[in-house]
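Data block below; observations after.
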Amino acid sequence: MDYLKGLNDAQHEAVTTIEGPLMVLAGAGSGKTRVLTMRIAHLITNGVSPFNILALTFTNKAAREMKDRIAKVVGDSDAKSIWMGTFHSVFARILRSEAHYLGFPSNFTIYDTQDALNVMKKVLKELNIDADLYKPKKVLARISAYKNNLITVKAYMNNPELLEADERANMKHLGVIYAKYVDACFRNGAMDFDDLLLRTNELLTRFPEVLAKYQDRFRYILVDEYQDTNHSQYLIVKALASKFENICVVGDDAQSIYSFRGANIYNILNFKKDYPDAVTVSLEQNYRSTQNIVDAANAVISRNVQQFKKNVFSDNEIGEKIKVYRALSDADEAGFVAGNIWEQHNSQQRKFSDFAILYRTNAQTRAFEDALRKKNIPYRVYGGLSFYQRKEVKDLVAYLRLLVNENDNEALTRIINYPTRGIGETTQNKLIVFADSQGISVSKVLDNLGFYAPQLGLNNGVLTKLADFWAMIKAFEVMLKTDDAYTVAMEVAKRSGLIKFLKDDQTPEGISRVENVQELLNSMRGFIDEQQQLEDGDPSLSNFLGNIALSTDQDNNKDDDQEKVSLMTIHLSKGLEFPVVHLVGLEENLFPSFMSSSTREELEEERRLFYVALTRTEKQAFFTYAVSRFQWGKITDAEPSRFLSEVNSEYIELINPATESRFVNHSGLKSNIFDDEPSVPKSFRKLDPKKKISKASDALSLPQSKNLKPVSTAKIINPSGASSQDIEVGDKVRHDRFGIGEVVFLDGTDPQNIKAKVIFQNEGEKNLILKFAKLVKI
DNA sequence: TACTCCCAGATTTAA
DNA sequence: TCTGGGAGTA
C-alpha cells in the first residue's frame with residue numbers, strides 16, 4: 001500500500017472511504033488530483049474491476065494525466081479500462097453506441113458553437129424572423145439554458161411561465177425557433193454540445209434497460225470539479241449512481257466559475273441533501289502556495305456570502321508580498337510584465353515556463369504578445385481561436401464530415417461552392433427549398449439528381465456542376481471503405497481543389513493557411529497511428545472528427561515541455577499552477593466584467609474567479625492595472641478593480657504608488673494603501689494602433705505545431721517501452737498486437753516523437769510511434 | 001455568379 | 001480593432 005504513504009489524514013480518509021456517497025471539499029492546492037488518483041488506484045487494488053469505474057473530469061488533459069498516474073500504481077492495462085474523460089466525451093461515446101434508441105445515426109456529427117450559430121441563422125432566415133430582434137447568439141444562449149435544465153421544446157411549450165418570460169423579453173417566437181432548430185439538428189444527424197448531455201438524459205430516462213446497463217457497469221463513480229456541473233450533468237450522475245450510490249464528488253465551491261454555461265453551485269452545496277448518509281471530507285491544507293498568497297486569497301473570498309466555511313491554510317514559507325503595478329496604459333502594463341519576466345528570468349534563474357499571465361478576456365492578449373515579442377521572450381497563448389476553429393481547417397473538416405454523415409447540411413453548404421465551382425447562392429437555395437418541400441435532405445436530391453432535375457428548374461450547366469461535385473464526394477466515400485482516413489483526407493485536400501486554392505494566395509497569411517491544413521493532416525496521421533496501437537482504439541474518420549469537436553485548447557498542448565511563458569484566461573488556468581503569476585487588467589468593468597457586476601451572484605462569481613487566479617500562484621504574484629486602456633479602437637479611462645481593495649494591505653506592496661488615489665473600495669471607503677506619493681512610471685510607451693501583428697505567421701513565437709495534437713480518449717504513455725536508442729533500422733521486433741516484424745524506416749528527431757515504419761509478417765506495413773508501441777527487440 | 005468595398009456593430013468566460 | 005453582412009459592379 002505504498003501509494004497511501006505520504007497522505008495526510010484527510011486525504012487518507014478521502015482515498016480509503018470507498019463505499020457509499022462521499023463529498024470531498026478540496027481547497028485550492030490541497031492535493032485534489034492526488035486524492036482522486038490514489039482513490040481509483042485504491043479501488044482497483046481492493047478488487048474493484050476498472051471496468052466498473054467511471055471518472056468524469058473537466059478536461060481531457062486532466063483525465064489523461066490521471067490515467068498516467070494511476071497506471072504507475074496499478075499497471076497499464078487496468079488503467080486503460082477505466083472510463084475516464086469529460087462529460088461531453090464520455091457521453092458522446094455512450095450516445096454513439098446507443099444512438100439508434102434516439103433515432104440518430106451512430107456517426108452523428110457534433111456541432112460546435114460556430115456550427116450551431118450557422119444553423120440558427122438559417123433557421124431564422126427560413127422563419128423570416130428579423131435577426132436584429134432575435135440575435136442568433138442570444139437565442140442560442142437561451143436555448144442552451146433550456147437544454148441544460150432539461151427543458152425540451154415540448155416542456156417549454158407547456159410552461160406558461162417561460163412563455164410569458166420570453167414574451168416579456170420580446171421573444172415570443174422563441175418556441176417556434178427552438179423547435180425548428182432542434183429539428184434542423186436532428187435532420188442533419190447532429191448534436192450540439194448541450195445535446196450531448198440532454199440526449200444522454202433522454203436516453204437514460206426513456207429507456208430503463210439502457211439505464212440499468214450503465215448503472216450496472218459504473219458501480220463506482222467519481223466526479224471532479226463537481227461545483228461546475230450543470231443541472232443536466234447533475235441528473236446524469238444522479239441517475240447512474242442511484243443503484244449503488246458509490247459516488248464520490250470532488251470540488252471546491254470557492255472555485256465555481258462556470259455559471260454562465262449553466263454550472264449550478266447548488267449541486268455541491270446540496271450534496272448532503274441528495275445523499276443524507278454522505279461522508280464529507282475537507283482538504284484544507286494548501287501545499288501549493290505561500291502563506292501570504294493563501295491568506296490574501298482567503299481574505300477576498302471570505303466576502304462571498306454563499307459558501308461553505310472552511311479554513312484553507314498553508315504551512316509553506318510566508319513568502320513575498322503581492323506586488324501591485326499601476327500602469328498608465330495597456331501597453332505600459334504589458335511592458336512592465338515583460339520586463340519583469342525578463343528580469344526575474346535573468347536574476348533568479350527562473351525558467352520562462354515558470355511564468356503565467358492571467359487575464360479576464362482573450363482580447364487582452366495582444367498587448368502582452370507585443371511586449372514579449374519585443375524582448376524575444378518565448379510564450380504560448382492558450383485559448384482564443386483554437387486550431388480547429390480556423391477557417392481553412394474547418395473547411396477541410398467539413399468535407400470529411402460530409403463523407404461520414406451525408407445529412408450534415410451544415411458541412412454541405414460550407415463546401416458545396418468552396419473552392420468556388422459555379423454553384424452559387426441561387427442554386428443552393430433552389431436545392432434547399434426543393435429538398436424541404438419533398439421532406440428529404442439535400443444529399444438525397446443530389447443522389448438522384450437525374451430524377452429530380454426536371455423539377456429543380458436549373459439549367460444544364462449548373463446541373464453538370466452539381467453532378468460533378470457529388471460524384472467527387474461519392475468517390476471519396478468509396479475510397480473511405482478501403483483506405484484509411486488519412487489517405488482519404490489527403491485525397492480530399494488535393495482533389496477538391498482546396499490546397500491549390502489556398503496555395504494561390506502567397507501572402508504570409510495564405511502560406512500559414514496551407515501549413516495549417518498540412519498540420520491537420522499530420523495530426524490525423526498521428527491520431528490514426530496512435531489509435532491503431534490501442535487495444536480498443538478506433539482509427540476511423542468518424543472517431544477522429546468526434547475527437548476534434550470535443551478537444552479543448554488545454555488538451556492540445558501535449559508535451560508542452562517548452563520554455564515558454566503561458567498566457568491564458570483565468571478560466572483556462574483552473575487546475576494549473578505556476579511559480580510566478582501575473583494577474584493583469586485589474587480594473588472595474590474589465591475584472592469584474594461589466595457584463596457581470598449587476599447582481600450579487602454575478603459579482604460573487606467574479607470574486608471566485610479572482611480567487612482561482614490568485615491561488616494558481618506558488619511563490620509570487622503580481623497584480624497590474626492600467627488607468628487607461630485601448631479598447632474598441634478608442635482609449636478609455638479605467639478605474640482599479642474593487643478586488644484590489646479587498647486584499648488586505650498587509651499582503652500587498654506597491655511598486656509605483658499612484659499619483660492620485662482613484663483606488664477606492666466600493667463600500668465607499670478610501671483604501672489607505674494607495675494614497676502615497678506621486679511617481680512617474682519609467683516606461684510610458686506611445687500607443688501605436690497602426691502596427692499590424694501578423695497572427696499566425698510568426699513562426700518564432702507561435703510555433704504552429706504545438707497546438708495541433710488531437711485528443712485521444714485513451715492515450716497511454718508507456719514509459720517502459722523501448723526508447724529510440726534501442727531500435728534501429730533493420731531490427732527484428734515484436735509488437736503486442738501485430739506480432740513480429742522488421743523495422744524498415746525511422747523518422748523524426750524529437751525523441752518523444754520518433755516514428756518507425758515496421759513490416760509485420762502477418763499484418764503488413766504499419767507506422768508506429770515508438771513512444772506508444774511497445775516494440776521489443778528480438 | 002463572384003468579388004470588392006464599405007459600413008455597422010460588437011466584444012466575457014467555453015465543452 | 002476586427003468581423004460580418006449587404007450593396008454594388010464586372
Side-chain angles (χ1 to χ4, degrees), chain A residues 56-62 85-92 110-114 116-118 121 125 131-132 135-138 141 144 148 191-197 225 228-230 232-233 256-263 330 358-364 366-367 382-386 388-389 391 417-429 459 461-462 465 546-555 568-574 585 589-597 602 605-606 608-609 612-613 629-635 687-693 695 711:
Chain A
L56 298 166
T57 60
F58 201 66
T59 62
N60 292 304
K61 185 183 168 214
T86 62
F87 275 90
H88 289 86
S89 68
V90 167
F91 294 116
I110 297 170
Y111 278 170
D112 66 17
T113 322
Q114 189 58 50
L117 198 64
N118 291 338
K121 282 179 186 166
K125 209 171 197 175
D132 283 336
K135 296 259 159 59
K137 269 191 191 158
K138 227 182 203 160
S144 168
N148 284 331
M191 298 196 195
D192 65 19
F193 287 139
D194 303 318
D195 284 334
L196 293 177
L197 306 175
E225 308 281 11
D228 282 326
T229 52
N230 63 33
S232 196
Q233 294 166 320
S256 165
I257 54 175
Y258 280 101
S259 74
F260 71 90
R261 66 174 208 222
D330 48 348
L358 306 182
Y359 36 78
R360 179 67 233 274
T361 69
N362 279 310
Q364 288 166 258
R366 167 133 313 165
Y382 294 74
L385 191 62
S386 89
Y388 297 111
Q389 290 170 328
K391 184 178 179 303
N417 198 32
Y418 184 84
T420 48
R421 46 175 77 86
I423 305 174
E425 210 179 330
T426 333
T427 309
Q428 291 182 40
N429 279 338
N459 67 43
V462 173
K465 286 171 186 163
N547 263 289
I548 63 175
L550 293 174
S551 79
T552 66
D553 210 57
Q554 255 203 41
D555 297 326
M568 65 184 84
T569 62
I570 302 168
H571 282 89
L572 269 182
S573 76
K574 189 158 83 156
N589 295 327
L590 185 58
F591 189 21
S593 160
F594 63 99
M595 299 292 287
S596 19
S597 0
E602 285 175 342
E605 176 146 321
E606 294 285 307
R608 291 193 293 269
L609 203 48
V612 168
R629 182 170 286 280
F630 205 63
Q631 228 174 359
W632 304 333
K634 283 195 213 66
I635 292 175
L687 296 165
D688 188 1
K690 279 186 288 289
K691 188 160 172 292
K692 268 260 184 321
I693 299 144
K695 267 181 246 162
V711 175

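Labels below follow one simple rule: chain letters A, B, ... track the order of the sequence lines, proteins then strands, and each chain is numbered from 1.
With hydrogens and angles ignored, the 3.5 Å screen pairs no side-chain donor or acceptor of Glu606(A) with any backbone N or O of Phe591(A). Between the Asn589(A) side chain and the Ser593(A) main chain, no donor and acceptor come within less than 3.5 Å of each other.
In this structure Thr229(A) satisfies the side-chain hydrogen bond (donor to acceptor under 3.5 Å, both in side chains) test together with Asn267(A), sequence neighbours excluded. Remark: Thr427(A) engages no residue in a side-chain hydrogen bond (donor to acceptor under 3.5 Å, both in side chains) (not counting sequence neighbours). With sequence neighbours excluded, the residues that form a side-chain hydrogen bond (donor to acceptor under 3.5 Å, both in side chains) with Asp112(A) are Lys394(A). Annotation: side-chain hydrogen bond (donor to acceptor under 3.5 Å, both in side chains) contacts of Gln233(A) (sequence neighbours excluded): none.
Counting to the nearest Å, the C1' atom of dA15(B) and the CG atom of Leu196(A) are 9 Å from each other. Between Asn547(A) atom CG and dA15(B) atom C1' the separation is 13 Å, expressed in whole Å. Whole-Å rounding puts the Ile257(A) CD1 to dT13(B) P distance at 13 Å. Remark: P of dT1(C) and CG of Asp330(A) are 12 Å apart, rounded to the nearest angstrom. Atom pair Gln114(A):CD and dA14(B):P shows a separation of 15 Å (rounding to whole Å applied). Rounded to whole Å, the distance from CZ on Phe58(A) to C1' on dT13(B) is 11 Å. A straight line from CZ of Arg421(A) to P of dC3(B) spans 13 Å, rounded to a whole angstrom. Regarding Tyr382(A), its OH atom lies at a distance of 18 Å from the C1' atom of dT13(B), rounded to whole Å.
For Phe260(A) and dT12(B), the ring-to-base geometry does not satisfy the stacking test (centroid distance below 5.5 Å, interplanar angle below 30°).
Mapping Ile423(A) and Phe193(A) onto DNA chain B via the closest heavy atom, the residue that lands nearer the 5' end is Ile423(A). Comparing Lys465(A) and Leu609(A) along DNA chain B, the residue whose closest nucleotide (by nearest heavy atom) sits nearer the 5' end is Lys465(A).
With dT1(B), dA14(B), dT12(B) as the candidates, the nucleotide lying closest to the side chain of Tyr258(A) is dA14(B). The side chain of Asn362(A) lies closest to dA14(B), out of dA15(B), dT1(B), dA14(B). Of the candidate nucleotides dA15(B), dT12(B), dT1(C), dA15(B) has the atom lying nearest to any side-chain atom of Thr113(A). Of the candidate nucleotides dA15(B), dA14(B), dT12(B), dT12(B) has the atom lying nearest to any side-chain atom of Arg360(A). Closest to the side chain of Arg366(A), from the set dA2(B), dT1(C), dT13(B), is dT1(C).
Phe193(A) and Phe87(A) have their aromatic ring centers separated by at least 6.0 angstrom. Side-chain rings of His571(A) and Phe260(A) approach one another, their centers coming within less than 6.0 Å.
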N/O to N/O distances under 3.5 Å, protein versus nucleotides 5-10 of chain C:
unit_1, atom_1, unit_2, atom_2, d
dG5(C), OP1, Lys121(A), NZ, 2.8

Extract from the structure each pairing of a protein N or O with an N or O of nucleotides 6-11 of chain B at less than 3.5 Å, listing the distance.
unit_1, atom_1, unit_2, atom_2, d
dT11(B), OP1, Lys137(A), NZ, 3.3
dT11(B), N3, Trp632(A), NE1, 3.2
dT11(B), O4, Trp632(A), NE1, 3.3

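At the phosphate of dT13(B), neither OP1 nor OP2 sits under 4.0 Å from any side-chain N or O atom of Ser593(A). Close to dA2(B), at under 4.0 Å from its OP1 or OP2, lies a side-chain N or O of Asn417(A). For the pair Thr426(A) and dT1(B), the criterion of a side-chain N or O lying under 4.0 Å from OP1 or OP2 is met.
Gln364(A) pairs with exactly one of Leu590(A), Leu358(A), Thr569(A) by the side chain to side chain contact (heavy atoms under 4.5 Å, CB included) rule, that one being Leu590(A).
Remark: Lys574(A) is not positioned above the aromatic ring of Tyr258(A), lacking an NZ or CZ atom under 6.0 angstrom from the ring centre and at most 45 degrees off the axis.
Residue contacts shown for Asp112(A) are absent, as no nucleic acid heavy atom lies under 4.0 Å away.
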